[in-house]
Number of protein chains: 2
Amino acid sequence: MSDSDKQTEEKIFDAATEVFTEKGLDGARMQDIADQAGINKSLLHYYYRTKDRLFNAVFEKIAANMFSKFAPVFDENLSLEDKIRFFYREHISFLQRNPRLPAFLLNEINRNPERLRKIIATLDIEKFWDMLCAQNGKELEEYNITREKIPQIMTTIAAISVFPFAARGIFESLFKKIGIDFDTYLEERKEFAADFVIKAIKSKV
Amino acid sequence: MSDSDKQTEEKIFDAATEVFTEKGLDGARMQDIADQAGINKSLLHYYYRTKDRLFNAVFEKIAANMFSKFAPVFDENLSLEDKIRFFYREHISFLQRNPRLPAFLLNEINRNPERLRKIIATLDIEKFWDMLCAQNGKELEEYNITREKIPQIMTTIAAISVFPFAARGIFESLFKKIGIDFDTYLEERKEFAADFVIKAIKSKV
DNA sequence: CATATTTTTGACCAATTGGTTAAACCATTT
DNA sequence: AAATGGTTTAACCAATTGGTCAAAAATATG
């Protein structure tokens, strides 16, 4: 593969990423992607045989990228509380740089859940729980966080950072009405989210 | 408007609701809707001139319905804690009966934020805050919930109930891997969500 | 019953879509 | 410089799409 090959293939991939994340699989036109990449439409088919293959390439990279952002928090040797703070700072910052990813992924996964299977198959969920127990077992015990509660807690933690981006269109409209800036809201959310979760977990009321 | 009119128009509307919520505006075909309604495709255009008008009719009804589900909690004369419990029981139950609404709305709003404007314009957000202050002012003060914190808290409360439905495709796949039933998870979530939020709000740590 | 009006249908259309193909282009090698 | 190989393009195609239209069927009106 020559240098110009890689350039063209990358140009196509980047253009496809932009168009697909903005318009979705159904809404995106091959011609749009070709225009965005500044090339002929036939070249798309030369490098990626069909629209579906091109989409899958984009989808898989984005999905893998998204999930990988959850991982580092399990590696760092921090207290449970610091892990949560670390997660929200990093994760919301990542989403600020890629604000359209949540809506794109959620929509396409609901449209075709099958696509996610191969990515999830590569994840070892139990391992994450084991790592967490090894590093923060005492805290988990102290706060009475059992294995059964993990799905509720984890989905709640994810919801708090991801949902504002998925529902950005709604929130932005609502906020504008009461004079609140969405970007300011996001900045504040990094700390608010961590405080909120930590208080909920630690509280024994 | 005769009786059979209403039947046909309603049949079309219901069919359109089903097809649009499942496939989205771009993915839905007028022929699909006609088939679903058991009528000729031309009839769609007879009652709703264009695909876009038909979609708008469906979208507006769903959006209004969705937002209206947030309102009752402000009317009931309950303590803040009971309001939160009431909300999650009612809201998650509503979403269990209409599981595809969140993903549909979030996607279409992000695809075309303009569509939401006219619905949001009809909402008086300040009124909700005033009602809340009038009914639960003392509790808000006690828990140090100020006007500036409201957006963070409200979006968090919504995220916790809506996100699992928006991300259903992801969660269901993940849960299956560790042997958890999604419907059971949802049932448990009504109480978990309320407990979680109440603990976070009440905690003074 | 005959007429007028509304509802429903099937045939049709122009535009768009993803995809194909053969030829042109370009860099390398011989 | 001629041949070779991969790369890029323009022209084209079959299928699908939202939408139209005139006629038929059903219903209401006199």
Side-chain angles (χ1 to χ4, degrees), chain A residues 1-62 104 107-109 111-112 114-115, chain B residues 1-62 104 107-109 111-112 114-115:
Chain A
M1 194 180 277
S2 78
D3 240 31
S4 75
D5 270 358
K6 219 170 193 172
Q7 269 180 12
T8 302
E9 200 167 341
E10 245 179 63
K11 260 197 301 185
I12 292 175
F13 188 89
D14 292 344
T17 300
E18 185 149 338
V19 175
F20 277 135
T21 51
E22 193 181 333
K23 310 207 172 186
L25 170 56
D26 289 326
R29 302 290 145 227
M30 293 297 267
Q31 189 61 57
D32 293 343
I33 298 172
D35 291 347
Q36 176 77 24
I39 53 152
N40 190 283
K41 179 165 71 91
S42 300
L43 257 194
L44 300 182
H45 294 98
Y46 179 73
Y47 282 97
Y48 302 83
R49 291 183 51 77
T50 65
K51 184 188 185 185
D52 224 60
R53 279 168 179 267
L54 176 53
F55 178 83
N56 272 332
V58 170
F59 177 86
E60 276 174 35
K61 177 151 185 200
I62 289 181
F104 167 76
N107 182 52
E108 299 300 340
I109 288 167
R111 200 75 68 213
N112 183 356
E114 206 54 37
R115 244 189 274 272
Chain B
M1 193 180 279
S2 76
D3 240 32
S4 76
D5 269 358
K6 219 168 193 171
Q7 268 181 12
T8 302
E9 201 167 341
E10 244 178 65
K11 259 197 303 185
I12 292 175
F13 189 89
D14 293 345
T17 300
E18 183 147 340
V19 175
F20 277 135
T21 51
E22 192 180 334
K23 309 206 172 188
L25 170 57
D26 290 325
R29 303 288 146 231
M30 292 297 267
Q31 190 60 57
D32 293 343
I33 297 172
D35 291 347
Q36 176 77 24
I39 54 154
N40 190 285
K41 177 166 72 90
S42 301
L43 256 195
L44 300 182
H45 295 96
Y46 179 75
Y47 284 97
Y48 302 83
R49 290 183 52 75
T50 64
K51 184 188 185 184
D52 224 60
R53 278 168 180 267
L54 176 53
F55 178 82
N56 271 332
V58 170
F59 177 86
E60 276 173 34
K61 177 151 185 201
I62 289 180
F104 168 77
N107 182 52
E108 299 300 340
I109 289 168
R111 199 75 67 214
N112 183 357
E114 207 54 35
R115 246 188 273 271

Side chain to side chain contact (heavy atoms under 4.5 Å, CB included) between A/F13 and A/Y47, intermediate numbers included: CA-CA 10 Å; A/F13 188 89; A/Y47 282 97; over 6 Å; no
Derivation of the side chain to side chain contact (heavy atoms under 4.5 Å, CB included) call for B/R29 and B/V19: CA-CA 8 Å; B/R29 303 288 146 231; B/V19 175; over 6 Å; no
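Using a 4.0 Å cut-off, some side-chain N or O of B/Y47 falls inside it from OP1 or OP2 of C/dT8.
To the nearest 0.5 Å, atoms NZ (A/K41) and CG (A/D35) are separated by 10.5 Å. Remark: A/Q36 CD to A/Q31 CD distance equals 12.5 Å, nearest 0.5 Å.
For the pair B/Q7 CD and C/dT7 P, the computed distance is 13 Å after rounding to whole Å. B/D35 has its CG atom 12 Å from the P atom of C/dT9, to the nearest Å. The nearest whole Å value for the distance from the CD1 atom in B/I12 to the P atom in C/dT7 is 11 Å. Rounded to whole angstrom, the span from the OH atom of B/Y46 across to the P atom of C/dT8 amounts to 8 Å. For the pair B/L44 CG and C/dT7 C1', the interatomic distance rounds to 14 Å; values are reported in whole Å. Remark: P of D/dA26 and CG of B/L43 are 14 Å apart, rounded to the nearest angstrom.
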Base-contact (B) and sugar-phosphate-only (S) positions in nucleotides 10-21 of chain C, heavy-atom cut-off under 4.0 Å, - elsewhere: BB-----SBBBB
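Judged by distance alone, the side chains of A/T50 and A/D52 never bring a donor and an acceptor atom under 3.5 Å apart.
Between B/F104 and B/F20, the ring centre distance reaches or exceeds 6.0 Å.
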